[in-house]
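Read the structure below first, then the notes.
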There are 2 protein chains.
Amino acid sequence: MMVGVVKMSDVAHEAGVSTMTVSNVVNGRPGASEDTRARVLDAVARLGYRMNATARQLRVGRSGAIGLLVPHLDGPYYAHLAARLDTLAHSRGYHVIIERTGASREGELDAISPERVRPYEGVVFSPVQIDTADVRAAGIEVPVVLLGERRLAGSFDHVMMDNVGGAELAVSHLLEHGARRIALIGGRPDTGVDSMPTLRSRGYRSAHAKAGVPVDERLVVDAASFTTKDGYEAVMRLHREGITFDGAFALTDAAAMGALRALADVGLRVPQDVQVVGFDNDAEGEYLIPRLTTMDPDNDSMAERIMELLLARVEAGETGGAAAGDVVEAVMSARIVVRESTLAHTSG
Amino acid sequence: MMVGVVKMSDVAHEAGVSTMTVSNVVNGRPGASEDTRARVLDAVARLGYRMNATARQLRVGRSGAIGLLVPHLDGPYYAHLAARLDTLAHSRGYHVIIERTGASREGELDAISPERVRPYEGVVFSPVQIDTADVRAAGIEVPVVLLGERRLAGSFDHVMMDNVGGAELAVSHLLEHGARRIALIGGRPDTGVDSMPTLRSRGYRSAHAKAGVPVDERLVVDAASFTTKDGYEAVMRLHREGITFDGAFALTDAAAMGALRALADVGLRVPQDVQVVGFDNDAEGEYLIPRLTTMDPDNDSMAERIMELLLARVEAGETGGAAAGDVVEAVMSARIVVRESTLAHTSG
DNA sequence: ATGAAAGCGCTAACAC
DNA sequence: GTGTTAGCGCTTTCAT
């Protein structure tokens, strides 16, 4: 056993060969006799040699690492995505490294800076504050797949969920089951900007339009961040202001959870008095009281699509982030999971 | 604007100086006239130069990155820890990079391998499958703080939660409030091995011992992984087998959530028929029906302690993972948060 | 105040 | 089959 950090030249010396031969053996390249190979491997084991990945990367570029740059890890969404991506990456010989941007502009710019991104062979980035121009300007040098609702047209492969369609499905379900005054928990006026809340709010409106049911704007309750707390407070606010409703579409399951608790607190029964639908299909939804009807975004397919797009570019040896011409925009659709929080049979 | 990757020598050429001068200016080192500095900065801006962190690291070692190696990111625990550590790291000029080990032995060994760990200036590692010997044998070359319940005696700084004490407090609370047959959801027989479930189970037993209440072993229900589903199924199993109980201590809030749902399904009222306590103080607990009494592990203090220990060693320039002699073992205690799922007043 | 030389640990390209 | 040379992009040292 040697003390200090063992490098290739130490192994070479020990085995009585050149560093090049050690490199070849260690990397499983052909062109070394069985005898030499054995001697090298033996020396490696004896000295406890471990390759210096930094040096290797400076030389060849390959690191085997894929960066996943997300705003935060609260809630099951990104956690689950990370797990799926990691599994997929492993099966292709890569591993996933996760970085939090903190959902701030500065954090996002930091995370996508070339210094920080260069060690990765490709990155999956979910921007929430910055836009296409910023991402292009950052000058990322590796393949990028963008994630999420913001339209970053034309420059990068982009995987997004069909938020509008999913929300429309959710609200149509409520309308079909007889709800006529549907609260939108965490809703936003349509500012024209694409974001998760504005898109899901847009689906809420289009479902109403299709059904010919007018929207009472007082039912649209904004929420800061779609947490359980926010959902709770939104319903409480409606109740305090005496605004009645017989349905509620919460922009996230977390918010729906808070809404359920608030409804219980004010004595409204779900689904008899108010029917509730969430969005995300969090694992907990199945165990809430009552069990929550929700939209399932099929995150697994999404993860597969992402990894497929990214590795295609990585393995094609693409460089220079912004892809040329043949950019893919994949929209994944969501399906409804009906549970106790909405009525079993269609009314009307 | 230049095409391709711009390096220091390009900037040097453009500014008409040597690379050394560029290096000095870019890194804010003294020893460059105002005039030169301006010319260099101008060239940097014009060419869009970004430093190559890999090359720099090969030369000097510093990367500014702290690795957080965790089994998974499901649930709020590690997500919240990551956020706290990241904030603390930023205030000290570092950033946190998260890696999932997948809670497998292989994944953990992979993650702590010198190749993978060398880019970090220090790592926070939460092992669940491997033990001290493995971690030592891995030959990590940077400071390490270990996290979690497994005792990895003597070799590394180690921050752990007082699982036994916390569980004892939770169960004592139930006993004080009149519960006499307390189900242990996710409990384990004490195998002598230290793990979250065995430690919390130990607290369950010691609370009973202190109160002089015997434990009915049929109330100890194992669960695979302490999820909502597991909690639900554990209670259902007790009910099917006709085992009655008037209290339940779930090893995690997630499991408690499933237990609450199961109790509702079998027609038992909480807290009147069964009092329930969880562990972890997840944000959702406050909005469950009924609101959940739980143990708050004070993760923020824990994160502070971890970062403090790690950066102390990093900034002391320590190398060679296993610290010499002066190893710190910090045990953080948990406090109880009383809510609706247990009775308001002490009985008996 | 600035620059030239050497080298961090590794590997591509080319000898032999 | 194996070794030599050169160099990835940066910084340390020492000269000027």
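Proteins come first, then strands; the chains are lettered A, B, ... in the order of their sequence lines, and each starts at number 1. Quick caveat: nothing in here was measured; it's all calculated off a predicted structure.
- Look at CG on N27(A): it is 9 Å from C1' on dC10(C), rounded to the nearest Å.
- Residue T21(A) places at least one side-chain N or O closer than 4.0 Å to OP1 or OP2 of dG3(D).
- The aromatic rings of Y78(A) and H72(A) lie perpendicular to each other, with more than 60° between the two planes, well past the 30° mark.
- Among N24(A), D42(A), V25(A), the one residue that satisfies the side-chain contact (heavy atoms from CB on, under 4.5 Å) test with R37(A) is V25(A).
- Using a 4.0 Å cut-off, some side-chain N or O of S23(B) falls inside it from OP1 or OP2 of dT11(D).
- A salt bridge between R305(B) and D157(B) is absent, with no side-chain N of the basic residue lying under 4.0 Å from a carboxylate O of the acidic one.
- Between the C1' atom of dC10(C) and the CE atom of M8(A) lies a distance of 6 Å, rounded to the nearest Å.
- If you measure from atom NE2 of H13(B) to atom P of dG9(D), you get 16 Å, rounded to the nearest angstrom.
- Using a 4.0 Å heavy-atom cutoff across all strands shown, T36(B) reaches sugar-phosphate atoms only and no base atom.
- For the OP1/OP2 pair of dT2(D) and a distance below 4.0 Å, the side-chain nitrogens and oxygens of S33(A) include at least one atom meeting the criterion.
- Checking each of R100(A), E99(A), R116(A) against H95(B) for a side-chain hydrogen bond (donor to acceptor under 3.5 Å, both in side chains) leaves exactly one that passes, namely R116(A).
- For the pair R56(B) CZ and dG9(C) P, the interatomic distance rounds to 17 Å; values are reported in whole Å.
- Protein atom NZ of K7(A) is 7 Å distant from nucleotide atom C1' of dG9(C), rounded to whole Å.
- Judged by closest nucleotide on DNA chain D, L58(B) is the one of L58(B) and R29(B) placed further toward the 5' end.
- For the pair R118(B) CZ and dC10(C) P, the computed distance is 7 Å after rounding to whole Å.
- Listed nucleotides: dT11(C), dG9(D), dG9(C). Nearest to the side chain of A55(A): dG9(C).
- Within 6.0 Å of atom CD in E315(B), more than 12 heavy atoms from other residues, nucleotides or ligands are found, so the atom counts as buried in its surroundings.
- Set against dG3(C), dT11(C), dG9(D), the side chain of N52(B) has dG9(D) as its closest nucleotide.
- Atoms CD (E115(A)) and P (dC10(D)) sit 10 Å apart, rounded to a whole Å.
- What separates CZ of R59(A) from C1' of dG9(D) is a distance of 12 Å, to the nearest Å.
- Close to dT11(D), at under 4.0 Å from its OP1 or OP2, lies no side-chain N or O of N24(B).
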